[in-house]
Every structure is written in C-alpha cells, then in structure tokens.
Amino acid sequence: MKKLYTAEVIAISGRDGSVQSNDDKLSARLTFPKEMGGTGQGTNPEQLFAAGHAACFGSSLSHVAKSQNQPVSDVRVKGLVSVFAADDGGFDLEVVLEVSAKGQDRQTMLELIEKAKNVCAYSRSTKGMVRSTVNYKE
C-alpha cells in the first residue's frame, strides 16, 4: 500500500480534555455527553468519528458514482455513532449511516452504496469489527 496522508492529533486528558492537530486546523474541547454523565459542553469522540465516517462515505459514494459514469449530486450522509456498555466491562460502537443523493434511481443508488462500502476507508477499516448499517433515504 502507498501511504497518502497521515493525520496527527494529540488528545490531552481523554474525554474530559481536548484534541489539537499539529497543523492547528482542528482544536476542540472534549467532554462526556450528558447521556454519559458529563456536561455536554464540548464535542466527544463519537461525534468526531461520526463526522469523519460520514464525510469519507459521502466522498466515496461520489467517487464510485463518477467512476461508474453514474453521477450523483447533493450527496448527504448523516452519521450516527452509538456507544454501548459491553458485558465484559468494555465499550462497543455501532455506526449507522443515512445516505441521500440525487441523480440516480433507487436501485442504482443501492448498488453504488454497496460499492462505496468497499471504497470508504472508515467502512473498510471497521468491517467485521463495528456493527454498521448504511441506509438509503430517498
């Protein structure tokens, strides 16, 4: 594999701290969400993961559609990342992506979405490790 890019971010003090990228393009305060006993005053790792996965999947869908000569427009991907307490004391994630786009019929969109799952770096990296669902919303 050929490395294309490496993101560099430091997390200080975990979920009740901050994250900062080496190029200063990302700087965020982190807090536990209210639902997990925190203040909810900052962002959290699940929101960051949802944003990254949704953005990556949207770009992958557009790329696949263009490469198949079946262009799409107005691609929107809502990322939902849920945290679950596991029986062994650890934690698990679940990802749901809700995809909408214009330009192709439903069947074609479903086929493009299936192909995008094999292109998106997040989808490929979490396959078989994180419960994931991708839904098409017309």
Side-chain angles (χ1 to χ4, degrees):
M1 283 194 298
K2 176 183 172 188
K3 186 186 295 187
L4 300 175
Y5 171 73
T6 299
E8 184 178 331
V9 176
I10 187 166
I12 301 167
S13 299
R15 287 180 170 272
D16 273 328
S18 63
V19 291
Q20 180 71 46
S21 64
N22 66 318
D23 62 5
D24 294 325
K25 292 182 180 176
L26 172 65
S27 179
R29 178 176 173 218
L30 300 178
T31 60
F32 279 91
K34 288 182 180 183
E35 297 84 350
M36 292 176 66
T39 66
Q41 297 289 316
T43 190
N44 59 67
E46 292 72 35
Q47 288 176 327
L48 296 171
F49 189 82
H53 199 149
C56 185
F57 197 87
S59 290
S60 296
L61 178 60
S62 294
H63 170 77
V64 166
K66 184 177 179 182
S67 71
Q68 300 285 310
N69 203 23
Q70 297 174 316
V72 294
S73 62
D74 197 24
V75 176
R76 295 172 185 250
V77 181
K78 180 193 288 186
L80 299 100
V81 174
S82 300
V83 179
F84 292 87
D87 293 338
D88 65 3
F91 299 92
D92 291 322
L93 295 177
E94 176 183 54
V95 174
V96 176
L97 300 178
E98 296 179 354
V99 179
S100 67
K102 296 178 182 171
Q104 301 296 329
D105 61 59
R106 179 176 181 73
Q107 185 57 43
T108 302
M109 285 303 306
L110 293 173
E111 292 169 7
L112 293 171
I113 286 168
E114 282 304 309
K115 290 176 183 175
K117 290 179 186 178
N118 295 316
V119 172
C120 173
Y122 282 73
S123 297
R124 290 169 55 97
S125 296
T126 60
K127 187 176 184 176
M129 310 255 319
V130 175
R131 289 179 294 183
S132 298
T133 305
V134 181
N135 298 316
Y136 176 57
K137 302 279 188 175
E138 293 183 78

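Along the sequence shown, the residues carry numbers beginning at 1.
A distance of 12.0 Å separates CD in E111 from OH in Y136, rounded to the nearest 0.5 Å. Here NZ of K117 is found 11.0 Å from OG1 of T126. Values are rounded to the nearest 0.5 Å. Distance check: E98 CD to T133 OG1 gives 10.0 Å after rounding to the nearest 0.5 Å. Interatomic distance, E46 CD to M36 CE, rounded to the nearest 0.5 Å: 6.0 Å. The distance from the CG atom of D23 to the CD atom of E8 is 9.0 Å, given to the nearest 0.5 Å. Atoms OG and NZ, from S100 and K137 in turn, are 10.0 Å apart once rounded to the nearest 0.5 Å.
In terms of modelled atom types and a separation under 3.5 Å, the side chain of Q104 and the main chain of P71 share a donor-acceptor contact. Using a distance-only test at 3.5 Å, with no hydrogens or angles considered, a donor-acceptor pair links the side chain of R124 to the main chain of N118.
No path of Ile, Leu, Val, Met, Phe, Trp and Tyr side chains, each step under 4.5 Å between heavy atoms, connects V96 with F49, placing them in separate hydrophobic clusters. Two different hydrophobic clusters hold V134 and L80 under the rule that ILVMFWY side chains link at heavy-atom gaps under 4.5 Å. I12 and L26 are assigned to two separate hydrophobic clusters, defined by single-linkage of ILVMFWY side chains at heavy-atom distances under 4.5 Å. Follow the hydrophobic side-chain contacts under 4.5 Å out from L110 and you reach L97 in the same cluster. Residue V19 is not grouped with residue F32 when hydrophobic side chains (ILVMFWY) are merged at heavy-atom distances under 4.5 angstrom, including chains of intermediate members.
The shortest heavy-atom contact between T39 and K34 is O-CE, 3.3 Å.
Residues L61 and M109 have side chains in contact (heavy-atom distance under 4.5 Å, counting atoms from C-beta outward). R76 places a side-chain heavy atom less than 4.5 Å from the side chain of D74. By the 4.5 Å heavy-atom criterion applied to side chains, L48 and L30 are counted as neighbours. Inter-residue side-chain proximity for I10 and Q20 is flagged as met; some heavy-atom pair is nearer than 4.5 Å. Between S132 and K127 the shortest side-chain heavy-atom distance does not fall below 4.5 Å. Looking at heavy atoms from C-beta onward, V83 lies in side-chain contact with L93 at the 4.5 angstrom threshold.
Between F57 and H53, the ring planes are tilted. Angles from 30° to 60° get that label.
No side-chain donor-acceptor contact under 3.5 Å links S13 and D16.
When each of C120, S123, S125 is checked for a side chain to side chain contact (heavy atoms under 4.5 Å, CB included) with C56, only C120 meets the rule.
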